[in-house]
Each structure stands twice: as structure tokens, then as C-alpha cells.
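Reading through the C-alpha cells given below for one structure.
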Amino acid sequence: MLSTYQYPKFEYRQPPEIAENRDGHYPVVIVGAGPVGLAAAIDLAIQGKPVLVLDNDDTVSIGSRGVCYAKRALEVLDRLGCGEEMVRKGVSWNVGRTFFREEEVFNFNLCPQPDHHRPGMINLQQYYLEDYLVQRARQLPNLELRFRNNVIAVAQDGDKATLRVETPDGAYTLSTDWLVVADGARSPIRHMMGLDIEGKIFMDRFLIADVVMKAEYPTERWFWFDPPFHPNQSVLLHRQADNVWRIDFQLGWQADPEEEKKPENVIPRIKAMLGDDREFELEWVSVYTFQCRRMNSFHHGRVLFVGDAAHQVSPFGARGANSGIQDTDNLAWKLKLVMDGKAPATLLDTYTEERGFAADENIMNSTRSTDFITPKSTVSKTFRNAVLGLAEHHAFARALVNSGRLSVPSFLTESRLNTPDADSFAGDMVPGAPMDDAPIESASGTPWLLGELGNRFQLLYYTADAGALDDATVQMLTGLADGTIPVEAIIVAERGSVPAGLKTLIDSKGRIRERYDLTPGSAYLARPDQHVAARWRSLDAARVRAAVARATCNA
């Protein structure tokens, strides 16, 4: 098969524990150098925490695997320092189309609003993401990567976890204050610890074919139900980088995975879809089943589970890697505060609460999509086909079409870390919401709001003219930086600038005012993960400090 990508071989180096015949200790150890483990490591490292990453392999994932990265995941990757490479290499898209047999019955646009930095979705083979994350990790002096280091045992007591690690040079032991587990859906560490994962396995199989070809299809997501080239089943088409096209064929539960992966069986399916005249080459083929499951708790003493190790969903809706990256976005700032002694360990319980809510939301949506795509009875299939037949002409039926509700960030509106509204606001930026982006003008040259947010608590304060702020307000805002947990004050204004070192962002197109329903004096408290913690119509430093205390379990 053709290969459009040169897989790197990461160097194995003998660990100092073996060379010096000693045990090691590290503040944070992360197991798994996939997208989620590397994102967690980079996030902690840029926030000043020394991190050790262990992985049992010495290269990136083989094949495209996770290919769809949603707007929110891209915004997190921007904060980690490698979003630009992703977007530059990937195929950006916002529009998806659904077909029933030969007719289009439904379409959607993921990003209908203007003036957002990132597209609704990009398609990019997972090996590129992992490669970019490894490159970024190597730029950070307090982050160490160890490849071909396989964890074979885990134990923990009250204040640490202890690991036994096997390498080509033998085994060694290390301990850690905090162990972050990102070792995938089969999670050996989860099994070592005897922890359960509960849910549903779906009785169906899909073939993935990565096909290299030149085609003029638009950069959109296309999904077919019962197409003439693959009758009674479904097919999904995505364009990726390097003229690689991802095609998913539904096979049915009775299909033999090994037989279906053989080129002599794959190629006729693709020719039936593309026509005999279309030239193509196979790059990668796989057969998968899928499941919707999660652990009851992602936090077990000194051990924290992220990504597929904690929860799994079917691939319809691109909720796997996107959800895992958001896990790390939620966890890293909380773990940092606990490690710094600025928040109690109970703050980590809110990691399970918030990301468990997100996992349940993803599982619900993924299960509904899977039930619609792969109906398990004649009655449900008849209903599905009736919906598809009506959707072309009737709006009520289009709302029922479900070819995969695509990944969107969870609104953590029920989180105990939120300070409930005391004032009236319009719009979506409620406490617990992921913050909307908007174009800005700033002294730093950053052209987007989210480029100025993250990694710390911040207060956005709105005024028409930043230069007209009175001294008392300026002093109140600057004083927020003096707390045990500092808050950086940022002025959002139509014009002007503030002296005394406060950062000023000019709302150049009025989008911040519009999306956050701002009036003069309005203030928003942003968490380090760019979620809204609280908002008010007037500034009160005591209320801001109380909201920070609540958001960090210090209240």
C-alpha cells in the first residue's frame, strides 16, 4: 500500500533509574503519548509543572484513526501552542451533507456565525497531530518523553502512586505524586487497578479505507444511507491532508474482519462508489466495532484517567479525541492549583463531575446516532427510512435525521464551581459556558479574544472608552492580581487604552459586546480553561474574590 507520510522513529534512551540503579520520583507522570496524554503533559508543563511521559511505543499512531478535530479542540490546541500547524495542514470544513440513496435530504453548517478564528471542524490524520504534539513537548524544558517504557504494575498509597516500568534495558521503579492515565480504550492500568468501565458494545462493524486520489469533491462531510453503490448500509466520506480520503463502509455484524481488510475485497467496494475510471491507491485499511462506555469515576486517589481510558464513544460525531483533549483542558489547571497548595484535593472531584457530565452527554448523542445509523430491528429501520424519505421536503423530519451529531463543547451549567447569575444577561455565555471567540485589536498583536485568555483566572471588564476609566475602578481591577489566586484584569473597550499596566482589548467589530451581552461596567470571570465562572453588571472586587474561591473549592 502507498504511504503519504513518513513515520518518525522516536529514540529510546536508557532511563537514569536503570543507569544509576535507583528508584525515581516525579511530581506528575503521564502514561500514554497519544493526543490526550501529550495534551495533558504540555498543558501542565506550560503551567510550570515538571512532567514525565511514558509510552510503550516509539512512533505515532499507524493510520488516520481520529481525523476530525472540532473548533473547541482547536482552541485548546492553540492555547497549548500547536493549533496553527493543525489548521495549516488540515482540511477545514463547516458543511455536512446527508444523502438517502441518491438524494440529498439534509445539510448543516457547524459555524454559521461570522468572525470566529477557527473553523467548525478540520480533518487531519491522527499521526500528524501526535507528531506536532511531540515537537511541541520537546520545546518545553520541564517535560521529559520516554519511549519504549511500558508500565507493567501500578500501586498507590495515601500520598503517591508507584509504577514498575519495563524497557529494553530491564525494569525500574518510580513513584509520582500524581499519575495521569491516557493509555487508551483498553487501558492496561485500568485493568491493573481492577476498575470497571460500564456501557454498551454495538453489534456492527465498519471498514475504514484511507484512499489516496485526486478528486474535486468539495471539502464537506458526506454521509449516505442506503446508497446504490453500497445498498442497505451506510457510507461516510471525508477529505484529509495529502489528497487522502477517508471512507467508512458499514459492513454488518456478520462480516469477517480479516477477510474484509484484504485489498481484493476493499478495492471493489471503492470502485463501486467512485467508478472504474477513478484512479486511487489504498494507504490504510482497518475494521472496527464501537462502544459507548465510561468509568463511574475518573479520579481514584492519586490516579486520574483521561480520554479513552476513562470513556469511549462510537466514532459518529467525532467525540473521541475532541472529548479527551477537553478532559485535559479541564484537569490541568485544577491539578496545578492542588499541587501548589492553593486549592484542596476536593477540586479534583469536580474533574469527574464536569467531565463525567460531558461523557454522559457524548454517550447519549453517540448512542442516538448509532441507533439511527445502524437500526437493529425491521421496525426501527422502517422508521429511519421514513424519516429520511420525508426529510428532503419537510423540516420536521430533518430534525430527526441523525448521521452523527458532531462534537460541540459541553456547557457546564450545573457545575458547583459556577457562581449563579444575580443579574440578567442575554445570549449563550452563561456560567459554565465555553467562551466564544471574537476579533480584537491589542497591544500584543493578538487578533483574537481567546488568544488572550487561558492558563489563569482573568476578569473581562467592559467600558466604552478605556481611557476614561476613573482611578478607583483602575485600582480595584489592578488589586485583583494580589490575591492568593491572582486574577488578571483585562479591559474590553470600543476605544482608548488604560495606563497603569492593565491590558486593553479593543472590540474592533463589536462581537464581544454582542456575544457576551455587554453594557458599560459588565464583568466576566474566566476560568483558566476559558469557561465562564461568573458574570456581573457592575464591578465588585469582593464578589470577584468570592467567585474565584467558589471556582477553586476554597469557599
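Along the sequence shown, residues carry numbers from 1.
Every residue was checked against the side chain to side chain donor-acceptor pair (under 3.5 Å) condition with Arg205, not counting sequence neighbours, and none meets it.
Residues Asp183 and Ala309 share a closest heavy-atom pair of OD1-CB, 3.7 Å. In terms of heavy atoms, Asn322 sits closest to Cys68 at ND2-O, 2.9 Å. A pairwise comparison of heavy atoms in Ala359 and Arg294 identifies CB-CD, 4.4 Å as the closest pair. Contact record, His531 with Ser410: CE1-O, 3.6 Å, taken as the closest heavy-atom pair. Taking each heavy atom of Pro15 and Asn149 in turn, the nearest pair found is CG-OD1, 3.6 Å. Minimum heavy-atom separation, Trp178 to His299: CZ3-NE2, 4.4 Å.
With respect to the salt-bridge test (charged N to carboxylate O, under 4.0 angstrom), the residues Glu84 and Arg118 qualify. Using a 4.0 Å cut-off between charged side-chain N and carboxylate O, Arg535 and Asp421 make a salt bridge. Between Glu75 and Lys71 there is a salt bridge, since at least one side-chain N of the basic residue sits less than 4.0 Å from a carboxylate O of the acidic one. Comment: Arg190 does not engage Asp308 in a salt bridge, judged by the lack of any side-chain N to carboxylate O separation of less than 4.0 angstrom. One finds no salt bridge joining Glu85 and Arg88 here, because no Lys/Arg side-chain nitrogen approaches an Asp/Glu carboxylate oxygen to under 4.0 Å.
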- request: Tell me, with the steps shown, if His25 and Asp177 meet side-chain contact (heavy atoms from CB on, under 4.5 Å).
  value: CA-CA 8 Å; His25 181 83; Asp177 299 328; 3.1 Å; yes
- request: Go through the steps for Phe457 and Thr552 under the test side-chain contact (heavy atoms from CB on, under 4.5 Å), then give the verdict.
  value: CA-CA 10 Å; Phe457 280 92; Thr552 56; 3.7 Å; yes
message: Would Leu331 and Phe298 count as a side-chain contact (heavy atoms from CB on, under 4.5 Å) here? Give the steps.
response: CA-CA 11 Å; Leu331 174 61; Phe298 306 158; over 6 Å; no
- prompt: How far apart are the C-alpha atoms of Arg138 and Leu145, what are their side-chain angles, what is the distance that settles it, and do they pass the side-chain contact (heavy atoms from CB on, under 4.5 Å) test?
  reply: CA-CA 8 Å; Arg138 286 176 164 167; Leu145 299 170; 4.1 Å; yes
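A donor-acceptor contact shorter than 3.5 Å is absent between the side chain of Glu452 and the backbone of Thr446. Within the 3.5 Å criterion, the main-chain N or O of Gly454 finds a donor-acceptor partner in the side chain of Arg456. Glu130 places a side-chain N or O within donor-acceptor distance of the main-chain N or O of Ser61, the cut-off being under 3.5 Å. Distance alone, capped at 3.5 Å, places no donor-acceptor pair between the Arg302 side chain and the Gln156 backbone. Not one N or O on the side chain of Asn330 forms a donor-acceptor pair closer than 3.5 Å with the backbone of Gln326. A donor-acceptor contact shorter than 3.5 Å is absent between the side chain of Tyr462 and the backbone of Tyr524. Judged by distance alone, with hydrogens and angles left aside, the side-chain atoms of Arg246 form a donor-acceptor pair with the main-chain N or O of Arg65 at under 3.5 Å. At distances below 3.5 Å, not a single donor-acceptor pair connects side-chain atoms of Thr352 with backbone N or O atoms of Asp349. Although no hydrogens or angles enter the test, the distance criterion places no donor-acceptor pair under 3.5 Å between the side chain of Asn418 and the main chain of Pro420.
Side-chain contact check for Phe425 versus Arg537: some heavy-atom pair is nearer than 4.5 Å. Here the side chains of Leu450 and His117 are not in contact, with every heavy-atom distance at 4.5 Å or above. Between Arg513 and Ser522 the shortest side-chain heavy-atom distance does not fall below 4.5 Å.
The aromatic rings of Tyr288 and Phe206 lie parallel to each other, with less than 30° between the two planes, well short of the 60° mark. Ring planes of Tyr7 and Tyr5: perpendicular class, angle over 60° (limits at 30 and 60°).
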For a quick test of your reading: what N or O donor-acceptor pairs under 3.5 Å do the side chains of residues 52-59 make, sequence neighbours left out?
unit_1, atom_1, unit_2, atom_2, d
Asp55, OD1, Ala33, N, 2.7
Asp55, OD2, Asp57, N, 2.9
Thr59, OG1, Pro8, O, 2.6

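With Asp329 as the fixed residue, the salt bridge (Lys or Arg N to Asp or Glu O under 4.0 Å) test singles out one of Arg527, Arg355, Lys334, Arg72: Arg72. Just one of Asn123, Asn109, Thr219 meets the side-chain hydrogen bond (donor to acceptor under 3.5 Å, both in side chains) condition when paired with Trp93; it is Asn123.
A cation-pi arrangement is absent between Arg148 and Phe10, since the terminal nitrogen or guanidinium carbon is not both under 6.0 Å from the aromatic centre and inside a 45° cone about the axis.
Atom CZ of Arg368 sits in a sparse spot, with 12 or fewer heavy atoms from other residues, nucleotides or ligands closer than 6.0 Å.
A side-chain N or O of Asp43 and one of Gln47 form a donor-acceptor pair less than 3.5 Å apart. In this structure, a donor-acceptor pair under 3.5 Å is present between the side chains of Ser323 and Asn362. At a cut-off of 3.5 Å, with distance as the only test, no side-chain donor of Thr374 or Gln250 sits close to an acceptor on the other residue. Under the 3.5 Å distance criterion, with hydrogens and angles disregarded, a donor-acceptor pair is assigned to the side chains of Asp131 and Gln135. There is no side-chain donor-acceptor pair under 3.5 Å between Trp448 and Asp437.
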